[in-house]
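Heads up, the thing below is written out as structure tokens.
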Amino acid sequence: MGAPEKHGKSLPLLPLALACAVSFAAAAQEMKLEFVDEAARDASWTGFRKRLLAALEKRDLKFVLSILDRNVRAGHEGARGGAEFRRLWSLDAADSPLWRELTAALMLGSAWLRREDGSRELCAPYVLARWPQDVDPMKHGVLVAREVLVKSEPSQDSPTLAALSYAIVPVADWEVDDRAREARQKWVRIRLKEAEGYVPEEQIRSPVEHAACFVRTEGGWRMTAFAPAGG
């Protein structure tokens, strides 16, 4: 799977003065976490992932339950097992967030994570496994696309402050309403070197956000977790 598609307008369409400001602001961002998909060449994984995405689109509860590890993790509380996973994700409700959240996670690459007990799990998004240890995961997020447009206000119509690719940025507020009351878009307020700006919530990811982790067994791939970091 390739990197996510670029969002928003391309830089050459910006006025010259604004383009210079964008370039300066982008250069000021030194920390990056490039997109990776470490299992992209594993045919068993890509085939499984395709089937799982199809099941999520159809809301195929039977398939999802069939791939859960017997000790699957679903939350911070240490709860394990299929029954707890089903309860915590409200899988019997028509509006369970699992269908949306797991799909989003699977679309953002994958990377191998070694647990404290020495076991290895393939986790999606790649963010959890690749997060730099010297960056506070509670205060930062990573932009998960190329040339994300940082806006001066929480609105697509506001001026662009920067265009950043896969940058790790300090986060001031994870949930900001759009300036237009009728708009459904949510924004995240981030800190640049000289200012604060806003990016669409779907274009930034926290390392402590839910990650889906899997192991390959003789019977096929099994999901060992869909939980926040540490869950």
Side-chain angles (χ1 to χ4, degrees), residues 1 33 36-133 136-138 140-142 144 174-175 186 201-202 204-231:
M1 172 183 167
L33 189 62
V36 296
D37 193 356
E38 294 184 343
R41 296 184 179 181
D42 183 333
S44 70
W45 165 254
T46 56
F48 167 78
R49 176 182 170 278
K50 183 177 180 180
R51 293 194 301 274
L52 178 53
L53 284 170
L56 293 171
E57 184 178 4
K58 297 175 182 177
R59 301 195 173 192
D60 185 344
L61 179 58
K62 182 178 180 180
F63 181 84
V64 171
L65 293 176
S66 74
I67 63 158
L68 298 182
D69 182 83
R70 61 182 298 181
N71 291 315
V72 64
R73 307 181 299 278
H76 282 307
E77 299 84 359
R80 291 174 176 263
E84 279 299 292
F85 188 95
R86 187 169 186 160
R87 180 183 68 83
L88 289 171
W89 279 105
S90 303
L91 291 185
D92 294 312
D95 59 347
S96 168
L98 180 84
W99 314 114
R100 177 184 67 256
E101 297 296 336
L102 184 51
T103 298
L106 290 168
M107 297 299 289
L108 291 174
S110 64
W112 288 99
L113 175 67
R114 187 170 294 280
R115 297 289 184 179
E116 293 181 358
D117 62 3
S119 62
R120 291 175 77 238
E121 297 176 330
L122 183 66
C123 296
Y126 65 95
V127 177
L128 174 63
R130 287 299 191 91
W131 191 259
Q133 295 185 356
D136 188 343
M138 303 303 294
H140 294 78
V142 60
V144 290
W174 278 101
E175 188 169 343
K186 295 291 186 180
E201 65 172 354
E202 64 271 14
I204 186 170
R205 194 85 181 185
S206 165
V208 300
E209 213 168 334
H210 283 77
C213 295
F214 302 83
V215 294
R216 186 178 180 180
T217 70
E218 292 183 357
W221 288 91
R222 293 288 181 268
M223 184 157 65
T224 56
F226 189 40

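These values consider heavy atoms only, across backbone and side chains, with no hydrogens, waters or symmetry-generated copies. Because the structure is a prediction, the values reported are computed rather than measured. Throughout, residue positions are numbered sequentially from 1 according to the sequence presented.
Judged as a side-chain contact (heavy atoms from CB on, under 4.5 Å), and not counting sequence neighbours, the contacts of Arg59 are Trp99. A search for salt bridge (Lys or Arg N to Asp or Glu O under 4.0 Å) contacts involving Glu201 returns nothing, not counting sequence neighbours.
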Point to revise | Residue pair Val72, Phe226: steps toward the side chain to side chain contact (heavy atoms under 4.5 Å, CB included) verdict | key: CA-CA 8 Å; Val72 64; Phe226 189 40; over 6 Å; no
Review point. Could you go step by step and tell me if Leu91 and Leu65 meet the side chain to side chain contact (heavy atoms under 4.5 Å, CB included) rule?
Key: CA-CA 10 Å; Leu91 291 185; Leu65 293 176; 4.1 Å; yes
Practice item. Could you please spell out the steps behind the side chain to side chain contact (heavy atoms under 4.5 Å, CB included) verdict for Thr103 and Glu57? Key: CA-CA 8 Å; Thr103 298; Glu57 184 178 4; over 6 Å; no
Check your understanding: How far apart are the C-alpha atoms of Asp69 and Phe85, what are their side-chain angles, what is the distance that settles it, and do they pass the side chain to side chain contact (heavy atoms under 4.5 Å, CB included) test?
Key -> CA-CA 10 Å; Asp69 182 83; Phe85 188 95; over 6 Å; no
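Taking all atoms of both residues into account, the shortest heavy-atom contact from Val127 to Pro207 is CG1-CA, 3.8 Å. For the residue pair Val142 and Trp131, the shortest heavy atom distance occurs at CB-CZ3, 4.0 Å. When every heavy atom of Glu38 is checked against every heavy atom of Ala111, the shortest pair comes out as OE1-CA, 3.3 Å. Taking every heavy atom of both residues into account, Arg87 and Glu84 meet most closely at NH2-OE1, 2.7 Å. The shortest non-hydrogen separation linking Trp174 to Ile204 is CZ3-CG2, 4.0 Å. When every heavy atom of His210 is checked against every heavy atom of Ala74, the shortest pair comes out as NE2-O, 4.5 Å.
Residues Arg86 and Leu68 are not in side-chain contact: their nearest non-hydrogen atoms beyond the backbone lie 4.5 Å or more apart. Thr224 is listed as a side-chain neighbour of Cys213, based on a closest heavy-atom distance under 4.5 Å. Here the side chains of Met107 and Arg49 are in contact, with some heavy-atom distance below 4.5 Å. With contacts defined as side-chain heavy-atom distances shorter than 4.5 Å, the pair Leu102/Met223 qualifies.
Not a single donor-acceptor pair under 3.5 Å links the side chain of Arg73 to the backbone N or O of Ala225. Panel note: side chain Thr46, backbone Ala43; a donor-acceptor pair is recorded below 3.5 Å. The main-chain N or O of Ala124 is never found under 3.5 Å from a side-chain atom of Ser110 such that the two would form a donor-acceptor pair.
Taken to the nearest 0.5 Å, the CG atom of Leu56 stands 6.5 Å off from the CG atom of Leu106. With values rounded to the nearest 0.5 angstrom, Cys123 atom SG is found 13.5 Å from Leu108 atom CG. Expressed to the nearest 0.5 Å, how far CG of Asp37 lies from CG of Asp42 amounts to 10.5 Å.
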For residues 214-222, which side-chain donor-acceptor pairs fall under 3.5 Å, sequence neighbours excluded?
residue : atom : partner : partner atom : Å
Arg216  : NH1  : Ser44   : OG           : 3.3
Thr217  : OG1  : Gly219  : N            : 3.2
Thr217  : OG1  : Gly220  : N            : 3.3
Thr217  : OG1  : Gly220  : O            : 2.6
Trp221  : NE1  : Ser44   : OG           : 3.2

